[in-house]
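Note: hydrogens, waters and symmetry copies are ignored here, and every other heavy atom, side chains too, is used. All chains are named by letter (A, B, ...) in the order of the sequence lines, taking the proteins before the strands, and each is independently numbered beginning at 1.
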Amino acid sequence: MVTGYAAAEASECCYEAFEVVKLMQNEDGLDPNRVTLVSLLQAAANAGSYKEGRAVHGYAVRRGIDSFDEILETSLMDMYSKCGDLEMSRSVFGRMSKRCIGSWNALIAAHVQVGQPLTAFELFQRMLQEDILPDMITLANLLSSCGDLKFLRQGKSIHGYLIRRQVQLDLVATTALIEMYSKCSRTNQGRMLFDEIQAKDVIMFNVMVSGYLQAGLPDKALETVCRMIEAGIKPNPATILNLLSVSADLGEIRIGKEVHGYIVKQGIGSNVDIANQLLSMYGKFGRIEMARQIFNRITRKDLVSWTSMITSYAQHAHASDALMVFRLIHEERLQPDLVTLVSLLQAVSSLGCLTLAKEVHGHIYRNRLEKEILILNSLLTTYAKCGSLGMAECLFKSIVKKSQISWNAMISAFGMHGKCLEAIDLFNQMLKEGFQPDDITFTSILSACSHGGYVEEGWSIFKSMSEKHSVTPNTEHYSCAIDLFSRSGRLEEAYGLVQHLPPRERTSALDALLSSCRVYRNVEVGEIVGRELLDLDPDNSGTYILLANIYSEAGKWDAAARIREIAQANSLARQPGYSMIESASVQ
DNA sequence: TTAGGGTTAG
């Protein structure tokens with residue numbers, strides 16, 4: 001009876017199990033034995049009832065069942081881990097005279113679950129030193145750690161171990177391997193294992209889908225979900241969460257709306273995790289009103305709900321609303337975490353308010369998050385965007401373990417403030433300290449050079465991208481280099497670079513180049529650029545006007561008149577100019 | 001023993 005309640009995994013059942021034991025003692029005068037205690041511990045562990053679990057431990061000690069057997073001790077460890085007391089779990093483990101595989105597994109699993117995979121790995125090494133042979137449970141847990149730590153080599157060696165020992169890979173083991181490979185950026189390897197299994201379950205599909213999402217392949221993720229549905233497997237809540245991510249990543253709100261409809265029909269909209277993901281998806285599409293409605297309907301909002309709402313506001317020009325939501329969090333007795341504060345910093349950055357930046361900085365200190373690299377990098381950018389390059393630099397210097405992102409953030413901060421030489425110096429220092437620049441580093445440094453007019457320096461850095469750093473220049477890099485040349489009047493060279501862009505992405509670069517042609521009164525290049533631009537975007541009245549001006553300023557009145565005639569024939573009126581000024585609503 | 005969510009640099 002007690003075991004039945006214990007297996008039911010609900011807190012009410014935990015109390016029922018304890019009630020049954022009381023009845024057993026009072027009415028029948030029977031004392032609980034080891035089996036009863038194991039069941040009670042299991043009930044407490046499933047319900048997370050620490051008080052009850054400790055009481056059972058105390059009872060066992062008082063009754064002298066303290067020369068515990070392995071099963072009872074392992075149940076104690078499991079109960080302590082599930083109730084969040086890892087120390088007690090370790091202490092029970094330490095006192096065990098004979099440790100069975102189950103107790104090792106319990107401790108390894110506990111460390112994996114609280115996000116300490118490194119310790120889980122250390123335990124595994126100790127286990128091998130003590131000549132204990134790992135079982136499938138140990139290996140599945142370790143594979144999960146390998147994924148989290150991106151330990152591809154160790155993950156592969158576990159896979160190799162399984163093959164060498166000719167272990168038949170079941171659904172769970174294969175799923176764990178697929179997950180490990182996906183998290184270590186080896187999605188294809190995961191896919192091969194996935195294809196080998198005929199009878200896949202919903203979890204395996206979800207893991208594969210999530211692997212594709214992590215790899216930035218939302219179309220493959222969608223294809224996999226479709227295959228799953230075709231195979232007659234019903235989506236579960238985790239599938240729904242994946243699908244909402246697919247929709248956001250593909251930029252296809254239609255999919256998200258369809259999934260929303262499914263959620264409503266299935267009556268699972270009250271699930272807080274699903275509601276959070278839905279809110280976040282609408283937020284990403286800028287559908288703030290929809291996001292807000294979903295947020296308001298969540299009855300038990302958790303920190304993710306609040307943070308998602310802040311992010312949605314912060315990223316779509318509603319910074320003051322983001323701040324307002326942040327202030328409400330405290331009333332809910334929730335403690336903002338690292339992610340909440342990073343989102344808040346985005347809002348502060350877009351307001352450009354230094355006082356607020358300092359206020360959040362204080363908050364970060366009070367919550368002891370001042371050493372988190374994620375927070376430091378965001379704060380650095382926020383200070384720079386709020387006009388205080390000094391504070392940004394000071395913060396950068398104070399970061400003991402700088403990440404590549406810290407360097408990128410500081411280079412871009414110098415760029416924002418027109419300090420091109422400082423940005424170049426920092427870039428060189430970054431290389432000297434052995435950090436690998438990436439595409440974002442180059443976007444920042446090239447844009448700093450182009451704004452500061454440092455043509456030679458910028459061009460030499462652009463060339464070094466593929467020659468020295470194996471970074472292939474993308475459209476943005478080309479645009480920066482084109483800008484670099486066109487601003488300094490080297491229009492032929494700029495036009496030469498435009499040819500490297502795919503035709504559809506040439507418009508804005510050509511637009512800027514045409515303006516430069518006017519500034520530098522270069523009719524030859526202007527004519528070529530203007531015509532190419534008119535081919536690509538014949539409805540842009542600005543191009544006709546600019547080209548006509550270039551002709552007339554060069555004295556080519558006939559050509560200018562012809563262009564104006566064509567514009568008139570196409571009835572392209574000049575767009576009136578306008579400006580928008582937002583009044584400061586937050587001090 | 002296997003799955004999911006809010007996040008930093010342009």
Verify the neighbour count for atom CZ of A:Arg487: are there more than 12 heavy atoms of other residues, nucleotides or ligands below 6.0 Å?
->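 Yes, the 6.0 Å shell around CZ holds more than 12 heavy atoms from other groups.
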Within this structure, what is the [atom1]-to-[atom2] distance between [X] and [N], rounded to whole angstrom?
X        : N     : atom1 : atom2 : answer
A:Met228 : B:dG4 : CE    : C1'   : 13 Å
A:Asp249 : B:dG5 : CG    : P     : 11 Å
A:Ile399 : B:dA9 : CD1   : P     : 13 Å
A:Gln436 : B:dA9 : CD    : C1'   : 16 Å
A:His111 : B:dT1 : NE2   : C1'   : 17 Å
A:Leu241 : B:dG6 : CG    : C1'   : 12 Å
A:Glu179 : B:dG4 : CD    : C1'   : 11 Å

So if I take every side-chain heavy atom of [X] and compare against [options], which nucleotide ends up nearest?
X        : options              : value
A:Thr311 : B:dA9, B:dG6, B:dG4  : B:dG6
A:Leu303 : B:dA3, B:dG6, B:dG10 : B:dG6
A:Glu476 : B:dG6, B:dA9, B:dG10 : B:dG10
A:Ile137 : B:dG6, B:dT1, B:dG5  : B:dT1
A:Val339 : B:dA9, B:dG6, B:dG5  : B:dG6
A:Asn276 : B:dG5, B:dG10, B:dT1 : B:dG5
A:Val304 : B:dG5, B:dG4, B:dG10 : B:dG5
A:Ile405 : B:dG10, B:dG4, B:dA9 : B:dA9
A:Val172 : B:dA9, B:dT2, B:dG5  : B:dT2

Where does the angle between the aromatic ring planes of A:His469 and A:Phe442 fall among parallel (under 30°), tilted (30 to 60°) and perpendicular (over 60°)?
-> tilted
Mind checking whether A:His363 and A:His330 have parallel, tilted or perpendicular rings, split at 30° and 60°?
->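 Ring orientation, 0 to 90° scale: parallel.
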Is there a donor-acceptor contact under 3.5 Å linking the side chains of A:Thr382 and A:Ser349?
-> yes
A:Ile108 side chain reached by A:Phe121 side chain, heavy atoms, under 4.5 Å | no
Of all of residues 197-208 of chain A, which get a heavy atom below 4.0 angstrom from DNA chain B, listed by number?
->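 Those residues are A:Ile203, A:Asn206, A:Val207.
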A:Ser412 side-chain N/O to B:dA9 phosphate OP1/OP2 under 4.0 Å =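 A:Ser412 to B:dA9 OP1/OP2: no side-chain N or O under 4.0 Å.
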